[in-house]
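Written out below as structure tokens is the structure these notes cover.
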Amino acid sequence: MIKPITLNNRHKIAPMGLGTWRSVKGQVGEAVEYAINEVGYRHIDCASIYGNEKEIGQAFHRVFSGEVKRGDVFITSKLWNTDHHPDHVEAACRKTLKDLQLEYLDLYLMHWGVAFKHGRVMEPLSKLGVAITQPVSIQETWRAMERLVKKGLVKSIGVANFTTMMLVDLLTYAQVKPVMDQIELHPYNTQESLIKYCQSNDITVTAYSPLGSAKGPNWMGHGGLDLLTDSVIAEIGEAHEATSAQVLIAWAMSRGTIPIPKSTNKERIAQNFAAQKLKLTKKEVAAISALNKNKRFVDPIGWWGIPYFE
Ligand code: A2P
């Protein structure tokens with residue numbers, strides 16, 4: 001096992017994990033069980049909006065009935081945008097706990113810093129195709145999340161998709177400090193200043209879509225951009241007898257960020273885990289970082305008509 005990372009509240013997290021976004025039903029449970037029991041993963045990243053928490057919960061139940069104990073695995077989930085109102089935060093968390101068959105989460109993240117109208121529609125849109133928001137401030141939602149820590153439902157709280165200025169504001173009132181910002185990070189979107197801000201404030205950074213959000217089931221194409229076939233990455237991989245995916249994971253870890261590559265394929269789940277042993281030279285890390293294009297593969301402008309990152 002590679003050394004865990006210590007969060008600002010002294011809890012520890014494994015330095016890479018298994019992502020479950022776009023992990024389809026019928027595959028995700030087996031993938032999670034295999035990753036924990038056969039490969040050694042000790043960090044699983046979930047979210048209620050991924051629509052697969054029930055199947056993951058069944059896998060956790062099987063796993064934790066065996067040798068691996070609940071306390072051995074760091075489990076994250078995320079509060080969806082329709083549940084930001086303080087009256088809904090605890091119920092949303094309890095629903096996730098029930099689905100995942102857990103008594104507590106290691107980490108609960110605010111998935112996005114925007115509150116949507118509460119209801120059965122997860123992405124309510126106006127006629128103009130713009131998300132219907134609700135007048136709930138991030139501060140109100142954060143206060144409700146802080147109560148989850150006090151109640152023992154979650155050990156730590158944090159955020160995802162927060163920009164630097166959203167964090168600056170959050171830190172002015174947080175009584176429980178966020179331990180984490182989970183953001184889209186890969187060599188085409190390096191976000192160096194945001195990482196630096198987080199690190200200087202003792203907020204750990206998790207890198208989602210570390211492989212460039214490659215060809216999942218809903219893959220829309222990235223205008224020809226594909227990290228897994230990028231020649232710079234591939235050449236560095238050849239020098240180490242490693243795959244491009246392994247180079248991307250090693251690069252993420254070399255920056256002190258925690259990559260959570262998604263896979264439901266056993267061979268790739270094992271291959272990604274093994275990347276933790278790969279050590280890149282400073283020159284290689286710099287060459288990979290120089291590929292930056294500030295290119296986001298995950299941008300809600302296309303889903304919600306909200307220029308979230310502008
Ligand atoms: P699969 O589940 O079939 O392995 P990201 O985490 O950046 O969103 O990337 C996830 C995508 O990359 C999924 O399509 C996943 O497919 C694929 N993937 C995961 N691991 C590897 C790997 N080692 N090599 C190639 N593709 C991978």
Side-chain angles (χ1 to χ4, degrees), residues 14-36 38-41 43-47 49-52 55-56 59 76 78 109 111 160-161 182-191 205-238 240-255 257-278 280 288 291-293 295-300 302-303:
M16 69 96 59
L18 180 72
T20 61
W21 183 35
R22 293 172 172 156
S23 293
V24 294
K25 287 186 200 164
Q27 296 180 4
V28 66
E30 209 184 316
V32 166
E33 191 174 358
Y34 178 79
I36 298 174
E38 308 297 329
V39 185
Y41 279 75
H43 171 187
I44 309 291
D45 185 81
C46 312
I49 193 65
Y50 301 162
N52 53 15
E55 186 173 326
I56 296 174
T76 302
K78 311 187 190 84
L109 302 177
H111 206 148
N161 298 299
Q182 182 181 126
I183 53 177
E184 179 186 342
L185 287 175
H186 45 72
Y188 294 160
N189 189 39
T190 56
Q191 303 209 65
V205 178
T206 291
Y208 78 68
S209 297
L211 311 180
S213 200
K215 305 174 182 81
N218 301 322
W219 196 65
M220 305 296 283
H222 294 320
L225 281 177
D226 182 0
L227 281 160
L228 294 173
T229 55
D230 186 292
S231 60
V232 173
I233 313 271
E235 273 169 35
I236 292 171
E238 273 166 35
H240 290 275
E241 293 183 11
T243 66
S244 291
Q246 289 180 315
V247 172
L248 294 166
I249 292 163
W251 173 81
M253 292 183 69
S254 76
R255 316 169 82 202
T257 64
I258 302 177
I260 45 167
K262 171 266 170 185
S263 184
T264 45
N265 172 285
K266 288 185 178 173
E267 197 187 304
R268 292 192 282 276
I269 288 172
Q271 182 197 116
N272 294 346
F273 192 76
Q276 293 181 90
K277 291 199 207 100
L278 173 59
L280 303 173
I288 297 170
L291 295 172
N292 185 38
K293 303 175 199 303
K295 170 67 191 167
R296 289 178 191 281
F297 295 134
V298 181
D299 190 334
W303 312 324

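These numbers come from a predicted model, not from an experiment. We count ligands from 1, going down the list as the structure has it; atoms in each ligand are counted the same way.
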Under 4.0 Å between heavy atoms, the region of P210 that gets near ligand 1 turns out to be both
Heavy-atom distance under 4.5 Å between the side chains of E30 and T264, does that happen here? no
Here the atoms of ligand 1 under 4.0 Å from any heavy atom belonging to S209 are 5 (P), 7 (O), 8 (O)
Answer yes or no: are there more than 12 heavy-atom neighbours, outside K293 itself, under 6.0 Å from its atom NZ?
yes
The atoms of ligand 1 lying under 4.0 Å from a heavy atom of A245, numbered in the order shown, are 22 (C), 23 (N), 24 (N)
Would E184 and D299 count as a side-chain contact (heavy atoms from CB on, under 4.5 Å) here? Give the steps. CA-CA 10 Å; E184 179 186 342; D299 190 334; over 6 Å; no
(Q) Using heavy atoms and a 4.0 Å limit, tell me yes or no: is T243 in contact with ligand 1? (A) no
With sequence neighbours left out, the residues meeting side-chain contact (heavy atoms from CB on, under 4.5 Å) with T190 are E192, W251, R255, N292
One finds that the ligand 1 atoms under 4.0 Å from a non-hydrogen atom of T264 are 2 (O)
For L211, the ligand 1 atoms with a heavy-atom partner under 4.0 Å come out as 7 (O), 9 (O), 12 (O), 18 (N), 19 (C), 20 (N), 21 (C), 27 (C)
With side chains defined as the heavy atoms from C-beta onward, is the minimum distance between L248 and P210 less than 4.5 Å?
-> no
*State, yes or no, whether a side-chain contact exists between L227 and L211 at a heavy-atom distance under 4.5 Å.*
no
So the atoms of ligand 1 within less than 4.0 Å of a heavy atom of P261 turn out to be 6 (O)
Can you confirm, on distance only, whether ligand 1 has an N/O atom lying under 3.5 Å from any N/O atom belonging to L228?
no
Logged contact type for N272 with ligand 1, heavy-atom cut-off 4.0 Å, is side chain
If we only consider heavy atoms of S213, is any one of them less than 4.0 Å away from an atom in ligand 1? yes
Q. Should the pair D45-K78 be classified as a salt bridge under the 4.0 Å nitrogen-to-oxygen rule?
A. yes
Checking heavy-atom distances from atom 19 (C) of ligand 1 to each of H186, K262, Q246, E184, the winner is K262
Legend entry - Side-chain heavy-atom pair H240, L280 within 4.5 angstrom cut-off: yes
